[in-house]
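On a predicted model such as this, the values are computed, not experimentally measured, just so you know. No hydrogens, no waters, no symmetry mates; every other heavy atom, side chains included, goes into these values.
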Amino acid sequence: MMDRPITAGQLKDKSLFQDSDGTAVPAKSICHSCSKLKIFLGALAFSFFAKGFSGSYMKSMSSQIERRFEISSSIVGIIDGSFEIGNLMVMVLVSYLGPRVHRPKVIAVGCLIMSLGAFLSVMPQFLMGRYNYERITVTVDNISTSAMKTFGCEKTTNSYLWLFVLMGNLLRGIGEAPVMPLGVSYIDDFSKEENSAFYIGLVRSSGMFGPTLGFLLGSFCASIWVDIGVVDIDAISINPKDTRWVGAWWLGLLICGAVNFIASLPFWFLPYSLPKEGENGNLKISHLPVQDDCKVDPPAQPQLKFSEAVKDFFPALKKLFGNPIFLVYIFLTILQYNSLVGLITYETKFMEQQFNVSVARAIFLIGVILLPITILGMFLGGFLIKKFKLHITEMAKFACITFIVAYLLNLLYFTCSCEVLQVAGLTAPYFGLKHLSKNSFMASCNADCSCKLDQWDPVCGDNGITYMTACFAGCKSSTGMGKNMVFRNCSCVEGQGHGLGNSSAVLGQCQRESCTKAFPYFLALQTICAFILALGGTPTYMIMFRSVSPDLKSFAVGIETLGGRVLGGLPAPIYFGALIDETCLKWGTKSCGGSGSCRVYDTKAFRNVYLGLIAGLRAGCCLLYIVLSVLIMKRFKPDGKEMTDIKNTERSTSKESATANKNEILPGARTSEESEETY
């Protein structure tokens with residue numbers, strides 16, 4: 001039967017819509033569909049929160065995972081990059097073919113997979129047994145010796161249990177892939193054109209609370225001992241500032257898994273499609289039969305013609321990369337991804353090593369200061385675009401200026417210097433030796449102590465020098481227990497000018513007070529830089545939408561995400577970690593031999609590598625911003641032909657989408673002759 005559309009006037013007078021058989025149905029069924037759109041908005045907002053919550057928590061736990069599994073920073077980088085690998089495995093498929101599937105149910109499956117990934121990552125905690133950190137003890141005859149550690153040597157498979165975390169992170173990446181592209185396209189398809197941007201902004205802003213709470217949870221878990229509930233906490237002789245400390249990394253993952261599972265539930269009850277919100281003019285909803293009980297049955301899903309999809313894919317790709325503005329934008333995105341991912345992944349480690357701050361405190365400060373100020377900057381950037389109705393050339397100038405200003409401020413990070421931890425025989429000579437020779441761990445004051453070179457249980461002498469163990473300090477006796485243990489008669493400390501027999505040492509590294517005092521200035525500078533960068537982030541993102549033809553916008557987002565993650569998010573943690581490993585001065589030792597995680601870094605070399613990489617990448621970004629601004633100013637001139645063509649194209653495309661049937665259009669498919677001629 002032919003569909004008989006109802007005019008807007010009839011709708012207003014009778015409050016009726018038309019069913020598939022031509023009969024009128026109450027308008028309240030459409031209101032019911034509107035309520036389902038609101039339910040979808042709430043569910044999507046919570047799923048955005050859930051993925052941000054679990055993602056930031058995993059980032060905050062990188063140091064804890066490194067120490068628990070006794071692995072290097074480069075391995076941690078591979079674990080971190082596995083999320084990107086999983087995401088990319090399905091991202092292109094989801095973003096390109098997504099409109100042909102039942103989007104709410106695919107998002108539900110994605111949330112379940114994220115939940116499964118979080119639970120899988122927890123498994124090693126229950127397979128490895130208790131965490132045994134390196135420590136020494138003092139025997140009855142007052143000679144400091146080893147408390148080491150043959151326990152667990154038979155469990156050689158423990159060395160590879162970090163693969164569970166890697167696979168869990170991989171699953172999280174797979175599960176997260178459909179959430180944003182399918183969720184945003186669902187909102188855009190079934191909401192009013194004027195409401196679409198507001199709804200999407202609302203969902204994204206709700207998701208911003210996830211990373212903040214994720215870092216706060218990370219801070220809490222990092223301050224709790226890893227084997228909480230099964231060991232006597234009072235017997236632990238180290239504190240959260242110690243490089244051997246491992247927090248309860250697994251506890252937060254259980255919470256993340258539960259949150260992602262809850263996020264999946266509402267999507268199972270949402271339909272394949274909805275009527276357009278508040279649709280005006282001639283309305284045809286024959287494909288949405290409405291019954292008297294107000295239940296809306298979803299239409300049959302359209303059959304995907306894969307050959308047609310592939311046929312349209314390559315012309316669309318060629319058209320995008322034939323646009324020089326978009327090409328420069330992609331290179332800019334790749335460099336920004338590299339600098340941002342490298343910065344975030346190792347920021348807590350940098351704060352810990354450089355400023356003598358515990359990982360738990362570093363995570364907390366990121367969660368309560370840096371993330372909120374970044375969110376504020378993003379919102380303010382979007383507000384300025386709307387308030388002043390910035391033209392694309394003005395947005396390009398604004399983004400370029402803010403980035404260059406932030407970059408120049410970034411260079412001030414190098415002034416926040418901190419001395420290297422003074423470790424006898426490692427970074428400082430023993431008394432009586434003018435120069436530090438390589439691996440000069442032994443001296444006359446401890447030559448008769450039979451100290452083992454592979455141990456690390458540092459003590460701080462009265463002279464302000466850290467010794468790798470009490471044995472290397474030449475200590476003969478001790479008093480107290482646990483964290484309150486004090487070592488006496490330390491011959492290597494005596495040689496530094498203290499009276500004979502009166503020198504002592506306490507457990508833990510010596511505190512670097514000057515570093516701690518410099519930390520507030522570093523944090524203030526970082527906060528300002530984060531705000532300025534975020535301020536220009538929204539205009540930068542809008543440049544992509546304004547510089548490609550309307551029919552290629554969704555495809556451009558997919559290509560931008562793909563390029564940024566393949567060439568930025570994936571390699572950055574690995575090469576950042578590998579270069580940071582090169583600055584390690586003292587590696588820990590696994591219970592069965594072999595190198596563990598790093599105990600002491602050359603903080604100056606660490607700073608130069610970490611900040612130098614970020615500065616180098618961002619220098620390239622500055623150059624590309626300038627090139628991008630020049631290209632945009634040449635192509636887009638206010639009231640010029642280029643802008644007129646773009647406006648006409650958008651108007652034509654908008655008009656077509658309001659009157660056309662509800663046929664899904666694949667990203668990259670041609671929608672109008674005008675859009676085809678835009679570039």
Side-chain angles (χ1 to χ4, degrees), residues 84 87-88 91-92 95-96 181 310-342 385 390-404 407 533 536-572 616-637 640-643 645-647 649-650 653 666-671 674-679:
E84 304 293 347
N87 202 273
L88 294 169
M91 173 61 76
V92 176
S95 63
Y96 191 66
V310 172
K311 183 180 177 182
D312 287 337
F313 179 86
F314 291 104
L317 193 64
K318 182 179 179 181
K319 188 175 177 182
L320 272 181
F321 284 103
N323 181 350
I325 294 177
F326 181 76
L327 196 60
V328 172
Y329 179 85
I330 289 295
F331 286 126
L332 174 62
T333 298
I334 291 169
L335 289 184
Q336 285 185 319
Y337 260 84
N338 274 272
S339 64
L340 186 62
V341 171
I385 292 175
L390 296 183
H391 181 264
I392 185 172
T393 56
E394 295 167 331
M395 284 193 288
K397 292 176 184 177
F398 181 75
C400 182
I401 292 171
T402 53
F403 192 90
I404 291 175
Y407 175 74
L533 281 173
T538 302
T540 301
Y541 198 64
M542 291 304 299
I543 287 172
M544 179 179 65
F545 289 104
R546 301 285 177 89
S547 62
V548 300
S549 53
D551 59 314
L552 294 178
K553 286 181 181 179
S554 59
F555 193 33
V557 172
I559 294 297
E560 183 255 357
T561 304
L562 179 69
R565 288 187 165 176
V566 169
L567 300 176
L570 179 58
L617 291 167
R618 289 184 172 174
C621 289
C622 287
L623 179 62
L624 289 176
Y625 261 113
I626 294 171
V627 173
L628 188 65
S629 299
V630 171
L631 288 174
I632 288 174
M633 284 187 287
K634 284 184 176 180
R635 169 164 283 178
F636 297 96
K637 298 177 181 178
K641 181 179 184 300
E642 191 73 40
M643 286 304 301
D645 289 345
I646 289 292
K647 290 177 180 177
T649 300
E650 291 180 344
T653 306
L666 290 173
R670 299 177 177 85
T671 58
E674 281 191 69
S675 63
E676 187 68 13
E677 295 171 358
T678 304
Y679 291 104

Between CG on residue Leu631 and OG1 on residue Thr393, distance to nearest 0.5 Å
13.0 Å
Of all heavy-atom pairs linking Arg565 and Pro571, the shortest is O-CD, 4.2 Å
Mind checking whether Ile559 and Phe326 have side chains closer than 4.5 Å, heavy atoms only?
yes
Atom NE2 of His391 and atom CD1 of Ile632: how far apart are they, to the nearest 0.5 Å?
10.0 Å
Expected output: side-chain Asn323 to main-chain Ser547 donor-acceptor under 3.5 Å:
yes
Side chain to side chain, Lys634 and Val630, heavy atoms closer than 4.5 Å
yes
Is the shortest side-chain heavy-atom distance between Phe403 and Cys621 below 4.5 Å?
yes
Considering non-hydrogen atoms only, spot the tightest contact between Val566 and Leu88 and give its length.
CG2-CD1, 3.2 Å
Heavy atoms only: give me the nearest Ile334-Gly563 pair and the separation to one decimal.
CG1-O, 3.6 Å
CZ of Phe398 to OG1 of Thr538: how many Å apart, nearest 0.5 Å?
9.0 Å
Any idea which heavy atoms bring Gly568 and Tyr337 closest together, and the distance?
CA-CB, 3.9 Å
From the list Ile392, Ile385, Leu390, side-chain contact (heavy atoms from CB on, under 4.5 Å) partner of Pro539 resolves to Ile385
Looking at Tyr541, I'd like to know if its OH atom is crowded, meaning that more than 12 non-hydrogen atoms belonging to other residues, nucleotides or ligands lie closer than 6.0 Å.
yes
When rounded to the nearest 0.5 Å, the distance separating CG of Leu562 from OG1 of Thr333 is 12.0 Å
Write down the atom of Ser629, the atom of Ala396, and the distance for their closest heavy-atom approach.
OG-O, 3.4 Å
Would you call Leu628 and Thr540 a side-chain contact if the rule is heavy atoms closer than 4.5 Å?
no
Testing the basics here: between Thr402 and Gly536, what is the closest heavy-atom pair and its distance to 0.1 Å?
OG1-CA, 3.5 Å
Test item: Tyr625 and Gln336 side chains (from C-beta on) under 4.5 Å apart, heavy atoms
yes
Quick one: pull up OG1 in Thr561 and CD in Glu84 and give me the separation to the nearest 0.5 Å.
10.5 Å
Inter-residue atom distance Leu340.CG - Leu335.CG, 0.5 Å rounding
12.5 Å
